[in-house]
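A short write-up of the structure that comes next.
Lettering of chains follows the sequences in order, A, B, ..., and the numbering in each one begins at 1.
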Protein chains: 2
Amino acid sequence: MDRKTRNRYETRARVLKALAHPSRLMMVDELARQERCVCELTEMVGADMSTVSKHLSILRNAGLVDMEKRGAQVYYSLRVTCVTGFFHCLEEVMRTAAEEQLELVAIR
Amino acid sequence: MDRKTRNRYETRARVLKALAHPSRLMMVDELARQERCVCELTEMVGADMSTVSKHLSILRNAGLVDMEKRGAQVYYSLRVTCVTGFFHCLEEVMRTAAEEQLELVAIR
DNA sequence: GGAGCACTTGGCCAGTTGGCCAACTGCGCT
DNA sequence: AGCGCAGTTGGCCAACTGGCCAAGTGCTCC
């Protein structure tokens, strides 16, 4: 396992970690529909604005979103559109996992 | 934001968290090619077998892999084939993020 | 049955994460 | 200039993660 290969997995993991939080997923989903300022997202997820701001900076560091200041507000938008398609894949994962659970319950 | 919606994001996040680790990504990538026993994966990632075993149970809990005992060995295989396609999406994310970095450096 | 793999599980520890509060910056309005 | 809103940052704390070691299970082969 050479360093270059290991590096690739670390980079992938960094992007995944950025996505792997319910609030951040919710925001990404919303930003896929339209750009939003921090205050709108804050209301949506129902947490402290400072918390939401930190979530957004995590998404930004991962290269997933863009930000643009406009007056007093900061508007965020989704940079990586293929994220939406990948959610469909995720739903598939979740569905088969759920079926597995059902199976296990049904056996006895 | 109703509970059902919130639930969906939590489930998605659980699957993503299961994927969001370099060693687990490496294993998923390998299992996409062929099934492997724990000892082979252990050698591949270069960690303690107990560590690898725990990683695998995380992937299993997320419904991402299947396991099958055969004699003394336990063979794991990838359950969710669409994961591979989603990695291409990830590469895209990483590429545009890298370009962004280049841009920032090039400006000055 | 006993030795020796192949795994899994529990325990422990260090490092990371996620939340809120409080303090600060910066813009817009009067 | 001064107030107030929008946002970011630092500090702190509780909870979670990931690693190794050690102990336990279960199979195979002698």
Residues pairing under ring-ring contact (aromatic ring centres under 6.0 Å, His included) where one sits in residues 13-72 of chain B, two or more places apart or in two chains, turn out to be B:H21-B:H55

Just jot down the salt bridge (charged side-chain N to carboxylate O under 4.0 Å, His left out) partners of A:R24, sequence neighbours excluded, or say none.
-> none

In Å and rounded to the nearest 0.5 Å, what is the CZ to SG distance from A:R70 to A:C37?
-> 9.5 Å

Side chains of A:Y76 and A:R60: closer than 4.5 Å at any heavy-atom pair?
-> yes

Would you kindly compare A:A47 and B:V52 by the position of their nearest DNA chain C nucleotide and give the one closer to the 5′ end?
-> B:V52

With the criterion being N/O to N/O and under 3.5 Å, what pairs connect the protein with nucleotides 21-29 of chain D, and how long is each?
unit_1: D:dC21; atom_1: N4; unit_2: B:S50; atom_2: OG; d: 3.1

Of A:L56 and B:K17, the one whose closest DNA chain D nucleotide lies more 5' | A:L56

Have a look at B:R60 and say if it touches a base, only the backbone sugar-phosphate, or nothing, with a 4.0 Å heavy-atom cut-off.
-> nothing

Hey, mind stepping through B:V28 and B:L64 against side chain to side chain contact (heavy atoms under 4.5 Å, CB included) and telling me if it holds?
-> CA-CA 9 Å; B:V28 165; B:L64 289 163; 5.5 Å; no

Are side-chain heavy atoms of B:V38 and B:M49 found at a separation under 4.5 Å?
-> yes

Leading and trailing nucleotides of DNA chain C with any atom under 4.0 Å from heavy atoms of chain B = C:dA6 to C:dG11

Report yes if some heavy atom in the side chain of B:E40 is under 4.5 Å from a heavy atom in the side chain of B:Q73; otherwise report no.
-> no

Taking only residues two or more places apart in sequence, or in another chain, which ones meet B:D66 in a salt bridge (charged side-chain N to carboxylate O under 4.0 Å, His left out)?
-> B:R79

Neighbours of DNA chain D within residues 30-37 of chain A, by heavy-atom distance under 4.0 Å = A:C37

Length of the line joining A:I58:CD1 and D:dG7:C1', which is rounded to integer Å = 16 Å

Please determine if A:R12 and B:D29 form a salt bridge, counting it only when a charged side-chain N lies under 4.0 Å from a carboxylate O.
-> yes

Looking at CZ of B:F86 and CZ of A:F87, how far apart are the two atoms once the value is rounded to the nearest 0.5 Å?
-> 9.5 Å

Is the backbone N or O of B:N7 less than 3.5 Å from a side-chain atom of B:T11, with the two atoms forming a donor-acceptor pair by type?
-> yes

Which is true for B:Y76 with a 4.0 Å heavy-atom rule: it touches a base, it touches only sugar-phosphate, or it touches nothing?
-> sugar-phosphate

Report the distance from atom NE2 of B:H55 to atom P of D:dT17, rounded to the nearest whole Å.
-> 12 Å

Residue-phosphate contact under 4.0 Å: B:H21 side-chain N/O, D:dC16 OP1/OP2 = no

Separation of D:dG7 C1' from A:E40 CD (nearest whole Å) | 14 Å

